[in-house]
Amino acid sequence: MFKVAIIGSGPAGLSAAARAAALGLSHVLLEKTDHLSDTIYKYQKGKHVMATPSNLVLRSDIDFDAGKRETILGIWDEQIAGHKVNVKYHAEAKAIRGTGDPIPGSVQQIVSRARDGTKNVKEIQRHAPPYAIELTNGETVMAENVILAIGTQGNPNRMRCPGADLPHVQYQLDDPAEYVDEHIVIVGTGDAGIENARGLAEDPAQRNTVSILNRGTEFPTAKAANVSALMADHEAGKLTVRNESETKSIEPGWITLTTRDGEIRIRCDRIIARIGSAPPRAFVEECGIEFTSEDRGAFPKLSPVFESTAPGIFVIGALAGYPLIKHCMNQGHDVIEFINGNTDLKPADEPIIAAKFANLPGNRSTEEWLEFLRANVSILNGMNPLQMREFMLDSEAKFYAPGEVIFERNAPGSSLFGIASGSVAVEVNPADPSITIPIETGSIFGEVGLISGRRRGATIRAAEDTIVVEISRLAALKLQSQVPSAKKAIERISIERQLLQMFGSGLTREDVAPLVEAAQVQEKRAGEIVVTEGADDKDVYIIRRGSMIVEKQIGDRPVFLSYLPAGSYFGEMAVVDGSTRTATVKAAIKSEVIRLPGEGFLELLEKNPRLRERALKDMEGRRATNAFIEGQKDSFSGAVDLYSKTAQFLVDNGIGEATDVLLIDEKLCIGCDNCEKACADSHDGLSRLDREAGKTYAHLHVPTSCRHCEHPHCMADCPPNAIKRGPDGEVFIDETCIGCGNCQRNCPYGVIRMDAKPPKKPSLLQWMLFGKGPGPGEASYSWRKKAAEAEGVQKPKQAIKCDMCSGIDGGPACVRACPTGAAIRVSPDKFLTFTKLTEDAE
Amino acid sequence: MASKAAGKATGGTGRFTQDEQRRDSDHVSFLKHKGFRWLWIALGLCGASIAGYLLIDQQPRPNGGTWYGYTLGTIGFALILWLSLLGVRKRRINPGVWSLKAWTSAHVYLGLSLIVIGTLHTGFQIGWNVHTLAYVLMLLVIFTGIYGVWVYATLPQSLSANRKEMTRKQMLEALTAIDRQLESAAQPLGRAEADLVIEALGQDIFAGGPLARLTGSYPGCATARALKSIGGSSEAATRVTALLEKRSEQLAQIRGQLRIRAMLEIWLFIHIPLTIALIAALTAHVISVFFYW
Ligand SMILES: Cc1cc2nc3c(=O)[nH]c(=O)nc-3n(C[C@H](O)[C@H](O)[C@H](O)COP(=O)(O)OP(=O)(O)OC[C@H]3O[C@@H](n4cnc5c(N)ncnc54)[C@H](O)[C@@H]3O)c2cc1C
Ligand code: HEM
Ligand code: SF4
Ligand code: SF4
């Protein structure tokens with residue numbers, strides 16, 4: 001029986017084990033592989049590992065500093081041996097059971113969802129420690145305390161056909177260059193599978209015969225860019241894509257497939273299965289550990305000492321929601337101290353959090369400030385002290401004097417504000433700043449930016465001495481997944497405000513209260529129809545997030561009428577004049593709408609004649625657009641068709657979720673690549689756009705370049721949270737990037753590249769006069785490599801992408817550098833209109 | 001950059017209005033830029049010069065040596081220097097709030113106005129001297145420029161159509177892939193035929209020199225030759241023929257791309273050196289005028 005068993009030897013588990021060894025606690029470190037720290041072990045060879053955040057001190061018995069993957073792993077191996085840590089390899093935990101008495105009233109509910117949406121709830125009675133840890137090899141390890149540090153990788157899904165356990169079936173590919181002269185079958189056509197297949201087939205000198213199996217004929221889980229590259233390789237004969245094929249059985253040297261045309265047996269020396277991985281959540285829940293919500297992004301519920309809902313089981317590291325190595329190691333150290341009875345230990349991030357409160361008036365300690373915010377801001381009420389600390393790492397507390405601007409109308413921003421003391425005034429009428437609406441202590445503001453991803457709708461000033469907490473988008477998302485009541489409150493307030501804003505001033509909260517009550521938030525898939533032309537349903541919708549396109553059937557084809565960004569409403573025509581729907585409205589991208597019952601909406605109009613007027617005026621405008629396009633259709637049907645198809649093409653290429661996107665009119669583009677050169681010369685010598693790549697329709701080309709999405713996919717999973725929205729609305733990556741490549745994988749448009757900053761080039765003058773250096777634009781790879789070697793310092797590969805030339809006078813260099821006017825940057829709400837799309841640009 | 005993110009929650013950097021204008025921009029070519037602004041300015045300049053020429057009584061006769069002639073000469077010289085600066089502007093994007101499209105638009109129209117200003121400056125006195133040399137060089141630069149504008153306005157569409165969403169790299173990769181298939185498909189062929197294929201594969205696709213590149217006609221194309229000579233109905237021969245056809249289509253695309261790009265660029269190889277010659281000649285012209293008045 002051990003005092004502690006630590007499961008997982010990543011940075012978190014390692015550090016915990018080393019602390020336990022140093023304190024002389026009886027311990028065991030269980031690791032499922034045959035080496036330490038598998039996640040880091042699997043990084044690319046030579047990867048430069050970064051030690052972010054730089055302002056956090058490391059508190060661990062094991063050393064860690066930025067450096068090469070190999071060096072770091074080497075040091076860890078050595079020090080773990082030096083500390084005489086009791087490591088048990090090939091020890092994969094598959095279940096953890098309490099062996100003590102049943103804990104009264106302590107029942108774990110596990111909710112699982114089937115594909116068809118039905119829920120299944122399973123209940124497990126928790127038992128007191130000590131715990132029995134069952135390993136996959138049949139052994140059992142007993143421990144009083146368990147520390148779960150298994151990271152978030154989970155397990156790859158396994159193949160299940162006969163022969164799946166043969167040694168030539170593998171679930172990972174480290175180095176495609178390692179294999180030569182083999183017949184290799186890749187199973188699974190997600191991004192990982194496609195990348196592996198292409199990697200293995202890339203160099204003909206390796207003489208591999210590569211096939212990739214696709215269950216259907218589409219590639220729903222892969223990025224479009226990957227799919228087209230794969231198909232190109234297939235066409236080119238580099239590899240074979242086998243559609244509608246599944247494995248039936250595996251034998252040494254051969255594989256049998258079931259295909260549409262029956263069974264076939266082909267040669268096969270190696271199988272690489274990339275069929276996704278199961279997140280560790282199911283295993284964790286089975287141990288009696290509750291998560292904060294059903295959300296896929298939710299983390300286990302933890303106490304301030306990292307204890308889960310199962311007494312004696314602690315969760316740390318990436319699994320606990322801390323994805324950086326330094327955080328992980330600090331927690332490993334701390335959790336052992338806690339288990340060992342050290343209750344005075346202050347968290348390592350104390351100085352960082354203390355600094356956040358340093359400039360606020362009113363001498364309070366960090367704990368008192370955290371409690372002050374938690375108690376006063378209503379959406380934070382449901383948080384515990386540990387959650388508050390973590391929350392504060394991604395948030396800021398700020399003081400504003402009366403009259404000071406907190407944010408301005410049209411400023412970009414996706415953070416949420418909570419008022420901890422004082423109150424603010426919202427300038428609802430841009431023409432007359434004296435008209436304001438107050439928001440009081442405890443409430444929130446800024447939620448529109450958070451939810452819709454669009455710019456601030458009004459200027460907000462402090463009305464008195466005010467302390468607010470600015471909650472970053474990330475922290476706000478976490479908060480909503482951790483505290484369901486906060487999510488509800490934010491939703492309610494946002495609906496109310498959206499209604500108040502919809503028709504400008506003049507409405508009060510009481511006016512809209514019944515509608516808010518009846519409102520319903522609905523999610524819509526991309527392409528899902530919300531309103532159907534000719535139907536006679538009577539609801540009004542507000543677009544809360546995402547965007548919609550309006551279409552009308554004219555003749556035998558749907559014609560694109562207009563594009564509706566988040567914040568717009570639709571469906572009011574049928575309600576006001578009782579007609580059937582005059583057009584079809586469908587989601588351009590994944591969206592959320594607020595559905596308001598028609599009667600409630602009518603009632604509101606009846607009570608407010610001014611509002612009615614506004615609505616009628618808006619309707620007038622929409623009718624005019626429709627009539628205009630219908631009119632054009634009679635006389636210029638070609639132009640309307642072109643407009644309709646071009647709009648659809650742009651929406652298909654992600655313009656619907658863009659805020660600022662580069663387009664190239666190929667009727668003007670002379671192919672000089674001056675845009676790319678200017679981009680490279682404005683940004684450390686690397687171009688962030690690929691002009692030629694990308695799709696084209698009717699000579700309108702969408703190059704591979706960032707669209708600055710309303711809700712950037714790239715932000716989803718960035719460990720140091722390095723991707724932000726800047727002051728001009730640009731999505732940019734700051735220097736804390738650790739080069740993990742998550743964003744590159746998450747961006748559906750393939751616009752992020754990973755590369756090292758090259759050394760500076762000789763000046764333009766030197767080049768023009770003496771031919772020194774590579775000249776304007778991105779230097780060739782070989783020049784960069786040589787110059788970097790000459791300079792001696794190796795720079796890490798980091799993620800780079802367009803930042804809309806923020807900080808550069810005059811705006812985006814690509815557009816400014818185009819000699820003919822072919823390159824333009826536009827936003828969808830302005831560009832997806834008849835005049836812009838059919839304009840003849842020569 | 002981090003400071004920027006943490007920075008003010010208020011107002012941004014004040015680029016918003018500028019950005020909004022840009023996002024709302026009409027997509028308009030350099031020729032139509034701002035409603036032909038520079039065309040009108042150039043026409044005004046020409047009109048004024050002609051009016052001055054006709055109205056001002058120049059003694060003893062209109063030429064470069066009268067005060068009006070000096071004025072036109074100075075304007076012309078300044079214009080030429082400014083026009084040449086486009087070469088620098090094009091390669092130096094920062095700092096400064098400016099757009100190359102506006103510069104090109106102004107360059108074209110003001111450059112054209114030099115025909116009028118320069119000619120009036122000569123007072124129609126042409127001879128075999130450095131002065132006339134400068135004048136002729138100027139006209140040559142201008143005429144190549146006119147060709148440039150013509151190709152800029154007419155060729156991009158074909159460039160786009162020829163590309164079919166492929167990048168240069170992809171075109172070359174597609175060719176390599178076909179070649180790899182050809183190599184193995186040609187194995188069963190007879191010696192003579194196989195040699196034809198090997199010759200086709202071995203030929204540098206860029207062979208043919210600048211003339212071939214510009215005209216798109218490659219009389220020495222080994223792929224075409226192989227395609228003509230390999231016949232027969234054996235399985236191998238049909239397969240090789242099909243692949244050779246694919247190869248020649250791919251070659252045609254690459255060559256089309258090269259040809260259009262060459263036509264879009266070739267004139268700059270005259271325009272720029274002549275500009276340098278022009279500035280040299282102009283310098284000589286100015287110095288000689290001042291020294292030997
Ligand atoms: C490509 C990439 C680059 C990155 N670069 C950086 C960087 O430069 N700097 C940085 O700070 N962070 C970086 N990160 C993030 C960092 O690697 C992780 O957040 C960190 O490794 C998490 O540590 P952990 O200890 O919680 O879990 P992990 O490191 O994931 O370790 C979990 C361990 O548990 C083992 N295990 C899992 N399940 C079981 C089981 N059932 N039984 C027994 N053992 C089990 C695994 O084999 C593994 O060894 C990067 C991540 C990636 C993917
Ligand atoms: C004496 C007059 C002129 C001079 C000295 C001059 C000089 C130049 C120079 C130095 C360049 C830069 C080329 C490069 O670096 O790539 C240039 C480009 C160009 N010039 Fe002229 N030019 C003159 C007149 C004209 C005229 C009259 C026209 C058109 C009618 C014209 C059209 C162009 C065009 C289209 C470009 C290319 C712009 C680009 O691709 O960026 N030029 N010229
Ligand atoms: S990098 Fe990709 S996901 Fe991120 S904002 Fe740009 S286009 Fe959108
Ligand atoms: S910016 Fe991209 S590569 Fe860099 S740390 Fe974030 S997700 Fe990883």
Side-chain angles (χ1 to χ4, degrees), chain A residues 204 232 235-238 405-408 410-413 415 470 660 665-671 674 678 681-682 692-693 695-696 699 701 724 726-729 732 734-736 764 768 776 806-811 813 815-822 824-827 830 836 839 841-842, chain B residues 1-2 4-13 15-16 18-20 22-33 88 90-101 103-104 151-153 155-157 159-161 163 165-170 173-174 176-178 180-181 260-261 264:
Chain A
E235 304 278 306
K238 283 190 183 175
V405 171
I406 301 178
F407 59 64
E408 265 166 16
N410 280 334
S415 53
E470 179 175 1
D660 197 307
D665 184 339
E666 290 201 337
K667 280 185 284 189
L668 292 173
C669 173
I670 53 167
N674 224 35
D681 287 342
S682 308
E692 276 192 319
K695 295 254 181 274
T696 314
H699 299 297
H701 177 65
K724 308 204 171 79
D728 296 308
F732 72 98
D734 72 21
E735 70 288 341
T736 62
L764 180 63
M768 284 186 124
S806 94
I808 295 178
D809 242 9
V815 174
R816 286 192 296 126
C818 176
T820 63
I824 51 176
R825 294 198 68 101
V826 299
S827 61
K830 297 207 150 62
K836 287 275 160 62
E839 191 166 64
E842 301 259 10
Chain B
M1 273 218 273
K4 181 173 75 176
K8 335 174 257 177
T10 53
T13 57
R15 231 175 73 179
F16 178 67
Q18 189 193 333
D19 280 339
E20 280 292 275
R22 167 176 60 69
R23 284 189 278 263
D24 198 15
S25 77
D26 303 323
H27 66 293
V28 166
S29 78
F30 65 107
L31 291 175
K32 290 192 197 160
H33 176 68
V88 180
K90 192 174 169 182
R91 295 172 178 82
R92 192 177 157 82
I93 257 37
N94 301 310
V97 184
W98 55 273
S99 94
L100 193 62
K101 170 164 110 175
W103 271 65
T104 315
V151 288
Y152 276 23
L155 290 186
Q157 299 219 32
L159 189 69
S160 164
R163 207 162 74 73
E165 295 190 343
M166 274 169 104
T167 65
R168 276 162 284 187
K169 190 160 161 252
Q170 285 167 339
E173 279 173 0
T176 321
I178 296 172
R180 206 150 24 104
Q181 288 169 276
I260 302 169
R261 290 276 294 137
L264 280 165

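Chain naming here is simple, since letters A, B, ... match the order of the sequence lines and numbering starts at 1 in each. What you are looking at is a predicted structure, and each value in this text was computed from that prediction instead of being measured.
Between Ser682(A) and Asn94(B), the side chains place a donor N or O and an acceptor N or O closer than 3.5 Å (distance only, hydrogens not considered).
With a 4.5 angstrom heavy-atom cutoff, Trp98(B) touches chain A via backbone and side-chain atoms both. With a 4.5 Å cut-off on non-hydrogen atoms, Asn410(A) touches chain B through its backbone and its side chain both. Both the backbone and the side chain of Val88(B) come within less than 4.5 Å of a heavy atom in chain A. Contact annotation for Leu764(A): only side-chain heavy atoms (C-beta onward) come within less than 4.5 Å of a heavy atom of chain B. Only the side chain of Leu264(B) has a heavy atom closer than 4.5 Å to any heavy atom of chain A.
The candidate from Asp809(A), Asn674(A), Ile670(A) with the greatest count of non-hydrogen atom pairs under 4.5 Å with chain B is Ile670(A). Of the residues considered (Ala813(A), Ser415(A), Gly729(A), Gly671(A)), Gly671(A) shows the highest number of contacts with chain B, using heavy-atom pairs under 4.5 Å. Ranking Ser99(B), Pro95(B), Ser160(B) against chain A, the residue ahead of the rest is Ser160(B), based on heavy-atom pairs under 4.5 Å. In terms of non-hydrogen atom pairs under 4.5 Å with chain A, the most contact-rich of Arg163(B), Arg180(B), Gln181(B) is Arg163(B). Considering only heavy-atom pairs separated by less than 4.5 Å from chain A, the leading option among Ala177(B), Gly96(B), Ala161(B), Pro156(B) is Pro156(B). Counting heavy-atom pairs under 4.5 Å between each of Pro204(A), Gly810(A), Pro776(A), Pro819(A) and chain B puts Pro819(A) at the top. The residue among Gly811(A), Ala232(A), Gly237(A) with the most heavy atom pairs within less than 4.5 Å of chain B is Gly811(A).
No side-chain heavy atom of Glu165(B) sits less than 4.5 Å from a side-chain heavy atom of Gln170(B).
Within a 6.0 Å sphere centred on NZ of Lys695(A), other residues, nucleotides and ligands contribute 12 heavy atoms or fewer. Counted within 6.0 Å of CZ on Arg92(B), heavy atoms from surrounding residues, nucleotides or ligands total 12 or fewer; the atom is thus considered open.
Atom-to-atom distance recorded for Arg91(B):CZ and Asp681(A):CG is 11.0 Å, nearest 0.5 angstrom. Atom OG1 of residue Thr820(A) and atom CG of residue Leu668(A) lie 5.0 Å apart, to the nearest 0.5 angstrom. The structure places CZ of Arg816(A) at 6.5 Å from CD1 of Ile93(B), a figure rounded to the nearest 0.5 Å.
Side-chain N or O atoms of Lys101(B) include one that pairs as donor or acceptor with a backbone N or O of Val28(B) at under 3.5 Å.
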